Protein chains: 2
Amino acid sequence: MNHSILIIDDDTDILKVLKANLELHGFGVITAESWMTGRDILAALNQDLLLLDVMLPDGDGFDICRTIRKERPLLPIIMLTAKDKISDKIIGLDGGADDYVVKPFETLELIARIKACLRRSKPTDEELTAVGDLTIDKKRRIVSIKTREIGLTPKEYELLCFLAAHRGEVAHREDIKKLLWKEHKIYSWSRVIDVHIRHLRQKIEADPSEPYFIITIPGVGYRFRE
Amino acid sequence: MNHSILIIDDDTDILKVLKANLELHGFGVITAESWMTGRDILAALNQDLLLLDVMLPDGDGFDICRTIRKERPLLPIIMLTAKDKISDKIIGLDGGADDYVVKPFETLELIARIKACLRRSKPTDEELTAVGDLTIDKKRRIVSIKTREIGLTPKEYELLCFLAAHRGEVAHREDIKKLLWKEHKIYSWSRVIDVHIRHLRQKIEADPSEPYFIITIPGVGYRFRE
DNA sequence: ATCTCAATGTCATCCTGGTGTCATTACGTA
DNA sequence: TACGTAATGACACCAGGATGACATTGAGAT
């Protein structure tokens with residue numbers, strides 16, 4: 001379980017030290033020195049946790065925290081700051097941060113807090129899948145693109161989950177068949193799978209005729225975008 | 001939303017101050033000066049959060065924390081201590097505490113952390129649930145919309161509580177079945193659940209044919225509005 | 001005991017939309 | 001070109017949920 005962490009801080013020294021230390025402890029670390037780039041990384045990659053400095057050249061940490069919360073309510077956020085005034089701490093926690101660490105801090109303590117945070121927020125892999133703009137929340141059985149919720153039928157949902165669970169790999173037609181119809185009721189083997197794939201594409205693809213998520217592998221099956 | 005907090009600390013001065021301050025902020029507070037009494041209170045009452053001192057006359061805070069975790073994995077625990085050595089902090093967090101506060105601390109910060117902890121903790125054992133205009137007061141077993149009280153039958157009430165406790169998540173038909181009829185009673189598996197859902201909807205929904213609170217997930221079950 | 005009423009469970013029916021089939025078209029490759 | 005496979009559109013059917021009516025149960029009251 002290799003967790004990935006995004007650190008946004010404008011202090012390059014701290015970035016270096018933190019990155020080295022966290023990587024030493026088995027985390028995947030990506031750094032950004034401004035909110036602008038950090039935001040892009042957040043949108044592009046599916047990080048497990050965010051270390052956010054309060055003072056950034058292009059934005060206030062508290063505002064940023066609230067902004068992120070609206071889009072990614074589940075993402076664990078730890079605020080990182082030089083200020084140690086109580087009022088700031090309160091704002092940070094009430095603004096939706098999961099924890100708050102004051103610089104200068106002991107790396108070991110930070111790591112302990114990171115682990116605690118990650119432990120609390122389980123639904124990262126098993127229960128919540130995100131590929132690009134697409135999010136599958138298994139607990140709520142909600143699929144959404146950006147923030148728009150998509151209504152899927154049982155078969156469509158199962159199919160999507162299967163594909164997404166094996167994203168990157170080819171899903172053989174036979175495997176899909178086995179998944180969707182365990183007690184095979186299908187006799188004349190028509191093209192039911194294709195039809196469900198089509199329905200899915202119509203719902204999740206921006207342009208169903210030029211699929212981005214669900215790629216056809218002729219003669220084999222389908223592959224879900226990694 | 002009146003949360004109840006149990007404080008276990010052998011320093012009576014701190015107990016007094018904390019109790020006064022927390023009560024001022026709307027919490028219900030019970031105090032204990034030893035692990036022995038604290039444990040009894042914990043078993044007897046259903047507290048929402050535990051403030052636990054590390055140094056107690058009759059036990060080590062870390063051990064206690066782990067012990068409690070085994071029995072009550074969901075109970076939010078905040079460790080309270082005069083020691084500020086990093087190693088202690090790590091042990092505390094890894095031992096299952098949700099947060100860690102070093103004495104002397106600012107009351108406001110502590111309260112912020114308490115709130116943050118409670119916000120994170122599962123709404124499973126909430127005494128009072130409110131979703132939109134709907135309020136469920138578990139202590140009094142009263143359900144009301146706006147201020148109008150709604151009379152519910154036992155089954156309807158249980159069902160509503162279950163759905164509301166897991167609001168946002170899907171309640172699988174099987175889970176509902178297990179909840180309402182612990183393992184037996186029903187033979188011909190007809191559509192009893194649907195019927196109770198309908199009754200509930202007729203009572204709590206403004207327009208039962210266009211449900212706002214109880215959403216149907218075809219093929220799976222139901223989901224309560226978040 | 002019986003009566004009454006509310007709570008609960010069963011059943012028949014309706015109806016929507018999920019699912020599967022097929023004919024046709026489009027695409028890619030030998 | 002022809003051939004095989006996938007995409008597409010149209011459509012028929014049927015499963016599962018909603019609904020209404022009714023049967024059964026059980027707790028109080030008389």
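Bear in mind the structure is a predicted one, so any value in this text is a computation, not a measurement. Numbers restart at 1 for each chain; the letters A, B, ... are given by sequence-line order, proteins then strands.
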Integer-rounded Å distance: [N] [atom2] and [X] [atom1]:
{"X": "B:Leu152", "N": "C:dA7", "atom1": "CG", "atom2": "C1'", "result": "12 Å"}
{"X": "A:Lys177", "N": "C:dG20", "atom1": "NZ", "atom2": "P", "result": "13 Å"}
{"X": "A:Tyr157", "N": "C:dG18", "atom1": "OH", "atom2": "C1'", "result": "17 Å"}
{"X": "B:Ile176", "N": "C:dG9", "atom1": "CD1", "atom2": "P", "result": "14 Å"}
{"X": "B:Ile193", "N": "D:dT19", "atom1": "CD1", "atom2": "C1'", "result": "17 Å"}
{"X": "B:Leu200", "N": "C:dA7", "atom1": "CG", "atom2": "P", "result": "12 Å"}
{"X": "B:Leu159", "N": "C:dA7", "atom1": "CG", "atom2": "P", "result": "15 Å"}
{"X": "B:His196", "N": "D:dA18", "atom1": "NE2", "atom2": "P", "result": "14 Å"}

Are side-chain heavy atoms of [X] and [Y] found at a separation under 4.5 Å?
{"X": "B:Ile204", "Y": "B:Leu134", "answer": "yes"}
{"X": "A:Leu18", "Y": "A:Leu80", "answer": "yes"}
{"X": "A:Leu200", "Y": "A:Phe213", "answer": "no"}
{"X": "A:Ile197", "Y": "A:Leu163", "answer": "yes"}

Among C:dG20, C:dG18, C:dT8, the nucleotide that comes nearest once only the side chain of A:Val192 is considered: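 Of all the options, the side chain of A:Val192 is nearest to C:dG20.
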Whichever of B:Lys155 and A:Pro154 has its nearest DNA chain C nucleotide further upstream toward 5':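 Closest to the 5' end, via its nearest nucleotide, is B:Lys155.
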Charged N-O contact under 4.0 Å between [X] and [Y]:
{"X": "A:Lys155", "Y": "A:Glu158", "answer": "no"}
{"X": "B:Glu23", "Y": "B:Lys19", "answer": "yes"}
{"X": "A:Glu156", "Y": "A:Lys203", "answer": "yes"}
{"X": "A:Arg173", "Y": "A:Asp194", "answer": "yes"}

[X] side-chain N/O to [N] phosphate OP1/OP2 under 4.0 Å:
{"X": "A:His199", "N": "C:dT19", "answer": "no"}
{"X": "A:Trp181", "N": "C:dT19", "answer": "no"}
{"X": "B:Thr153", "N": "C:dA6", "answer": "no"}

Angle by which the axis turns from one end of the helix from C:dA1-D:dT30 to C:dA30-D:dT1 to the other, five pairs per end, to 10 degrees: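 Roughly 30°, once rounded to the nearest ten degrees.
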Identify all pairs in which a protein N or O lies below 3.5 Å from an N or O of nucleotides 5-8 of chain D, and state each distance.
unit_1, atom_1, unit_2, atom_2, d
D:dA6, OP1, A:Arg173, NH1, 3.2
D:dA6, OP1, A:Gly219, N, 3.2
D:dA6, OP2, A:Arg191, NH1, 3.2
D:dA6, OP2, A:Arg191, NH2, 2.6
D:dA7, OP1, A:Arg201, NH1, 2.7
D:dA7, OP1, A:Thr216, OG1, 2.6
D:dA7, OP2, A:Tyr222, OH, 2.8

Summary of side-chain hydrogen bond (donor to acceptor under 3.5 Å, both in side chains) pairs that have at least one residue in residues 208-219 of chain A, sequence neighbours excluded: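 Listed once each, the pairs are A:Arg201-A:Thr216, A:Asp207-A:Ser209.
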